[in-house]
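Indexing begins at 1, ligand by ligand and atom by atom, following the structure's order.
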Amino acid sequence: MFITFEGIEGSGKTTQIERAAAHIRASGRPCVVTREPGGTEIGLKIREILLDRKHTGLDADAELMLYMADRIQHVKTVILPALDRKKIVLCDRFLDATLAYQGYGRGLDISFIRKLHRTTVGGIEPDLTLLLDLPVEKGLGRAWERIKKAENAGGESRFEEESLVFHERVRKGYLALARANVGRIRVIDAAKDMETIHREVIQIVSAALGVEKKVPARF
Ligand code: TMP
């Protein structure tokens with residue numbers, strides 16, 4: 001099973017994905033946690049280019065192609081092999097991020113992005129996507145707090161430096177994708193506290209996996 005986590009900056013998806021993985025592993029199911037961009041060694045180099053705050057001149061089409069290159073490498077060398085071995089794959093961002101950021105955010109052609117995805121990786125789609133949704137001001141506030149605390153992550157802020165208007169477009173894009181994919185994308189209110197979100201995530205993931213539903217009160 002292929003499960004993705006999506007959301008704007010500061011939605012808390014990285015914390016939630018780790019906790020969901022721990023829960024799945026505790027139930028005895030093998031699970032792989034990965035992310036985009038940067039889920040492979042080559043992808044990590046692509047990630048550096050994409051997120052470097054100094055790269056203000058990166059062209060939108062070039063940006064799209066870098067995300068696609070990262071994904072092709074990732075799907076072929078990490079995601080598909082893990083799914084073939086019957087592992088549960090939890091991925092921090094996937095195609096929906098490209099549709100939301102490069103499509104809705106940058107205004108690139110959504111049908112072209114989908115076509116690229118079909119041509120290069122056969123149109124692989126997650127079985128389930130958890131969209132952690134929250135107001136842009138709140139998400140960006142959290143993201144900047146984290147960036148300021150983590151000295152080494154200071155350079156990875158090219159997207160956080162985008163305008164509020166850009167991030168509003170991304171959020172609206174994600175919500176539009178959720179409306180168009182009701183069966184696959186589940187929207188979670190990420191403005192709630194971490195424990196409540198965790199419980200909701202576990203309920204949805206457990207139902208999808210048919211694993212034990214007991215949710216620990218505290219992790
Ligand atoms: P992260 O902070 O969740 O690791 O994501 C890195 C950034 O890359 C985040 O600002 C969203 C952006 N992004 C895109 O613009 N398009 C994509 O296809 C992906 C996967 C991420």
Ignoring hydrogens, just give me the one of Q102, E156, E6, E162 whose non-hydrogen atom is nearest atom 16 (N) of ligand 1. Q102
Counting heavy atoms only, which of R47, R158, R93 is nearest atom 5 (O) of ligand 1? R93
Contact (N/O only, under 3.5 Å) between E63 and ligand 1: no
Is there any N or O on E9 that sits under 3.5 Å from an N or O of ligand 1? yes
Between K13 and ligand 1, which residue portion shows a heavy-atom distance shorter than 4.0 Å: side chain, backbone, both, or neither? side chain
Answer side chain, backbone, both or neither: which part of L95 comes under 4.0 Å from ligand 1, heavy atoms only. neither
Can a side-chain donor-acceptor contact be found between T40 and T77 if the only test is distance below 3.5 angstrom? no
Donor-acceptor pair between R71 and T98 side chains, under 3.5 angstrom: yes
Plane angle bin for Y101 and Y174 - parallel if under 30°, tilted between 30 and 60°, otherwise perpendicular: perpendicular
Has the side chain of N181 got a donor or acceptor atom that lies under 3.5 Å from a matching backbone atom of L177? yes
Counting from 1, what ligand 1 atoms have a heavy atom of R71 closer than 4.0 Å? 18 (O), 20 (C)
In ligand 1, the atoms that come under 4.0 Å of a heavy atom of E36 are 20 (C)
Write out the residue and atom name of the closest protein heavy atom to atom 8 (O) of ligand 1, then the distance separating them to 0.1 Å. Y67 OH, 2.8 Å
Would you mind checking which non-hydrogen protein atom is closest to atom 7 (C) of ligand 1, with the distance to 0.1 Å? L51 CD2, 3.6 Å
